[in-house]
Amino acid sequence: MISRRDFFKKTIHASIASTLMGSLHSCTPSISYTQTLSGPNATLGHRLRSMDFGSIQKKIETEIVIIGGGVAGLSAARFLKKNTDNFLLLEIGEETGGNALGGSNSISSYPLGAHYLPIPNQNDPELINFLEEANVITGYENNTPVLNEYYLCFDPKERLFINNYWQEGLVPHEGVPLKDRDEIRRFHEEMNIYKNYIGIDGKEAFCIPVARSSKDEAILKLDTITIDQYLSDKGFTSPYLRWYVGYCCADDYGTTLKETSAWACIHYFASRKGKAANASSDQILTWPEGNHWLIKQLRKTVIPNIRHQSVVFAVNKKTNGFSVLYFDAVNNMSVEITTKKVIMATPEYINKRILEDSSNISTNLDYSPWMVSNLTVNGSLTEKRGETLCWDNVVYGSQSLGYVNAAHQQLGASDKKVITFYHPVLGSDTAAIRKRTQSRSIDFWKTTVLNDLKKPHPTIEEELEEMNIWIWGHGIVKPKPGFLSHSTINLERKMNNIFFANSDISGISIFEEAFYNGYQAAQQCIKSF
Amino acid sequence: MKDSSSSESNKFQWLLLLSVFVVATCGLIYELVAGTLASYLLGDSVTQFSTIIGTYLFAMGIGSYLSRYFKNNLLYWFVSIELLVGMVGGFSAGFLFILFEQIVYFRLLLYSLVVITGTLVGLELPLLMRILKDKLEFTELVSRLFTFDYIGALFASLLFPLILIPQLGLLRTSFFFGALNVLVAWLVAYRFKAQLNSFAKLQWSAFVCLALLVSGFILADKLTTLSESLTYPDPVVYTKSSPYQRIVLTKKGDDFRLFLNGNLQFSSADEYRYHEALVHPGLAALKNPKKILVLGGGDGLAVREILKYQTIEKITLVDLDPAVTELFRSNQSLKHINNNALASPKLSIVNQDAFVWIRSCAEQFDFIVIDFPDPSNFALGKLYTLAFYNQINKILSPDGAVVIQSTSPFVARKSFWIINETVSKSGLLTKPYHCYVPSFGEWGFILASKHELTQSNSYPQGLKFISKNSVEELFSFPPDMMEKTSLYNTLNNQVLVNTFEKEWAAYIK
């Protein structure tokens, strides 16, 4: 994933005239705050279209090249490092992390993308091993992992602003008619059945990693319809339930009900079966900087092997291996690496451009654009009635996903806080939407964010000190109906000495998939020597 | 109804009668405001209302008497007095609110204000009667005037409890009626400017008064937060808002009480029971304690007890709020209570969040006193979690002990035993105990150590509560304070905060 910052910075001094009659409080002071609009730099990536990288100025050799420094690439590197040091990881950005980038200011670290990990399932020993290394799992009680209390999401976890009130939890109930609450309960009962369902092949119907899920036709046919269709077929009509399911799709996949494969949506509800000795299974692990914390743990041992600002523009087959050509933006020159094996930890739309033989690359994947905004607010936010500030704070009925409080996992008291606001840009015409998203002005995003936040926090603009907007052009892959046909569940991607690691090959962009695909690729790579 | 000689004179009467109505309404409102405030601030509403109303009516009598000294320019005087009533009455509540904490002779101020308002209101009716005496026949005049006066009174007495107090509150009500008074004064002056040779002056005065009253109305919320009087039973002698909390000190006789965010922290009359019980059972049981850590307890009262042990070399006090430690280090009365403990050369004060501090702490301590406020919110709840006690376990020396103030085992039974369970979960052996502190009620502590502790046979000289005999009783719990629980408090469940909230809510209800 491309991740170099493209930085426009401007300070907006917005003044709000105080009206005597409008506010019976004291005069509203004129307010000013800093705003930035940035995102992964597409310029370096876009040069892949023009291919104007000049002639090769340097030649080097290594055994294995990993392309891409997101979760998948770093997971592959971490695994390789246990066996060999003879490899290089090429990352286009100034920093590794992919979708799990993070930022920080004087108040707090904060996420720019993925921000939590569910309680890990027990069936992935390598993930468990990594979490032990990172001291996320601190021990075991009766064979059940004890998770580090500092990393479990502190209580209170989530609240929903509905009917002008902050209710506890995200499933709508405050002021929701009995009929709708019944439907929501029935939906969750159904999801629980899927959670425990074992296919005729003896495998779990919905598993993380996706590759280990059952191939039972009865289950797989859920991938032929949308979740919207599924809900209609099952007689789920409650607007509250549909909002909630829609929220979950948007939150996890950046998709609408009408786009999402029913299988993928149910996977969200039915695949998380992790257990912990000191937390219930619906709890999650999180850090102020989100999953960027996991990135820092993943890359700990492999930092010397990483080459930043290195855009690979060709992977060509040679006798006894490959020639990987990349442009080194730090030294401004093109380099050729001769290598025996290549691990592609890049999304499919990149693979398609740089692989000489791109015959078995999926070409019909869509990626949802996202806007992530970090807001520094001073003092306590003015609040409406109900539950106090939680980790995750969502507004019912909104197009956005609400915000996460980055300071939630801090132990000490602080009078300022950073909140991270998430907004997937929904819609099916992805290319047009991406273009529009990337051309929007900073004021447009400012209005989007503030209009949403003003509902529960009417005076947020007065409390705001800084707003950093981050645009992901290619956010995460959309699991649309039929996506399983080219996913790891059905397809073992085989190419001579090229190994695929990105979560795109699962079709679901979550940490566990990228991690699994990463070390699987590394494992096969080592075996193939 | 009598025919008027002209429509002009008709309007004249009605306007003046309207002003009678407003004056009557406003007058009664000020009286009610004063009565209500006095009952709020001084207690005993029957006495307060009765004396306020009596004084007020008497003052109106004084006003009526004084009216004889106004000979000329009656209209001018009427308007001026009405402006004055608006100002005095309108600001009376705000004035009393702010000055309640500042001055000793509060009652004198209260009754002076009542007398002034009453006198001014008492002047108005006789003046008005004299203004109108040539316009109306006497029988008609008396009848109309008093009718409007009493209707105004009824109107005010119904409006006040049913609408004004619930909707506007005391302060805004008083400002609102002050402004109304001024508006009527201006209206009268404006209508009869021809008969007034100093209209411009009156008009300007009216505008200034109105501006002041409207600002008062807008800023009323700020005034209320300035005044804590409604929350505290005893006179407030010190207040300060730090970034973390609101510190309030009250004094009644010799009894100082400290409140943080409205919660009582100690009463100087019986705090010795609490602090002796907090420190001595644990500290006296240790062989040769040298290094002590106090978390919370910025009042220095635990430190005062700790300093009674000669072996002690170093005390570290970690309290979030420099405003608290500074207050107890510099204020004469408070230094007297903590025996100037915070000035001890053995003591070093760290103003930092305790959780953040202990996570980076590399030393070990022989005795740790944890004296945080009760776990009434999520931020405080973090300081009672397994993660916190795990860290305490790490910085506790092998033969050391830790004691934790653990809320009331009588009121919040479950909460108390959850804390006990959480501490044991961290691997420490716990010995819960409790004592009776009159201002708090039955209070609980958890003593914990790595090895079994045996109670000491000797305690420092001069203790008023703890002795060899009294200590033993503290460790026995009657059935109404016992509770079995397997729940323990973690950062990710905060079960303690939720339980604590329920238990105290049920108790207060």
Side-chain angles (χ1 to χ4, degrees), chain A residues 18-28 108 116 118-119 135-136 138-139 141 146-159 168 276-288 378-380 382-383 387-391 405 407-417, chain B residues 168-169 171-172 175-176 211 214-225 241-245 318 320-321 351-360 375-383 385-391 422 425-426 487-499 501:
Chain A
S18 59
T19 46
L20 197 66
M21 297 322 287
S23 153
L24 287 180
H25 301 283
S26 61
C27 303
T28 311
S108 172
Y116 75 97
I119 304 271
N135 197 30
V136 173
T138 55
E141 265 174 31
V146 177
L147 298 172
N148 193 321
E149 200 177 328
Y150 294 110
Y151 306 149
L152 280 165
C153 179
F154 296 175
D155 189 62
K157 186 178 157 216
E158 313 164 309
R159 61 176 182 168
E168 200 183 330
N278 56 341
S280 58
S281 55
D282 60 343
Q283 292 192 19
I284 53 117
L285 294 154
T286 189
W287 301 267
N378 62 39
S380 49
T382 23
E383 288 280 8
E387 178 70 286
T388 55
L389 184 65
C390 290
W391 172 69
N405 173 19
H408 190 75
Q409 296 296 103
Q410 277 173 6
L411 296 165
S414 109
D415 54 335
K416 290 181 183 180
K417 57 176 76 69
Chain B
L168 289 181
L171 285 183
R172 287 217 164 114
F175 283 120
F176 179 78
V214 170
S215 329
F217 185 85
I218 291 168
L219 295 173
D221 277 348
K222 296 236 158 114
L223 281 180
T224 322
T225 51
S241 276
S242 78
Y244 310 104
Q245 55 203 346
V318 182
L320 179 62
D321 198 346
N351 291 122
Q352 207 185 331
D353 185 278
F355 211 143
V356 175
W357 188 85
I358 63 163
R359 277 198 87 187
S360 57
S376 55
N377 61 44
F378 293 114
L380 287 166
K382 287 179 186 176
L383 302 170
T385 53
L386 181 58
F388 188 83
Y389 297 136
N390 278 334
Q391 200 60 35
T422 312
K425 191 83 186 166
S426 77
L487 292 174
Y488 59 98
N489 190 42
T490 62
L491 288 166
N492 55 305
N493 72 13
Q494 292 262 19
V495 61
L496 178 62
V497 173
N498 297 316
T499 311
E501 212 172 36

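Everything numeric here is computed off the predicted structure, so don't read it as measured data. Order of the sequence lines fixes the chain letters, A, B, ..., with proteins taken first and strands second; residue numbering starts at 1 for each chain.
Heavy-atom distances place the side chain of B:Asp353, and not its backbone, under 4.5 Å from chain A. Only the backbone of A:Gln410 comes within contact range of chain B, with at least one heavy atom under 4.5 Å from a heavy atom of that chain. In this structure, chain B has no heavy atom under 4.5 Å from any part of A:Ser280. With a threshold of 4.5 angstrom between heavy atoms, B:Asn377 does not approach chain A through any atom at all. With a 4.5 angstrom heavy-atom cutoff, B:Ala387 touches chain A via backbone and side-chain atoms both. Heavy atoms of B:Leu386 lying under 4.5 Å from chain A belong to its backbone as well as its side chain. Using a 4.5 Å cut-off between heavy atoms, A:Asn148 makes no contact with chain B at all.
The shortest non-hydrogen separation linking B:Asn493 to B:Asn498 is O-ND2, 3.9 Å. Closest heavy-atom contact between B:Asn489 and B:Leu496: OD1-N, 3.1 Å. In terms of heavy-atom proximity, A:Glu149 sits nearest to B:Asn492 at CG-OD1, 3.9 Å. Closest non-hydrogen pair, A:Gln409 versus A:Phe154, comes out as OE1-N, 2.9 Å. Closest non-hydrogen pair, A:Ile284 versus A:Lys157, comes out as CG1-CE, 3.8 Å. The two residues B:Val497 and B:Gly381 have their closest heavy-atom pair at CG2-CA, 3.6 Å.
A distance of 11.0 Å separates OH in A:Tyr150 from OG1 in A:Thr138, rounded to the nearest 0.5 Å.
For chain A, the option among B:Phe378, B:Trp357, B:Phe388 with the highest count of heavy-atom pairs below 4.5 Å is B:Phe378. Contact tally against chain A (heavy-atom pairs below 4.5 Å) for B:Leu320, B:Val356, B:Val495, B:Thr490: the top residue is B:Thr490.
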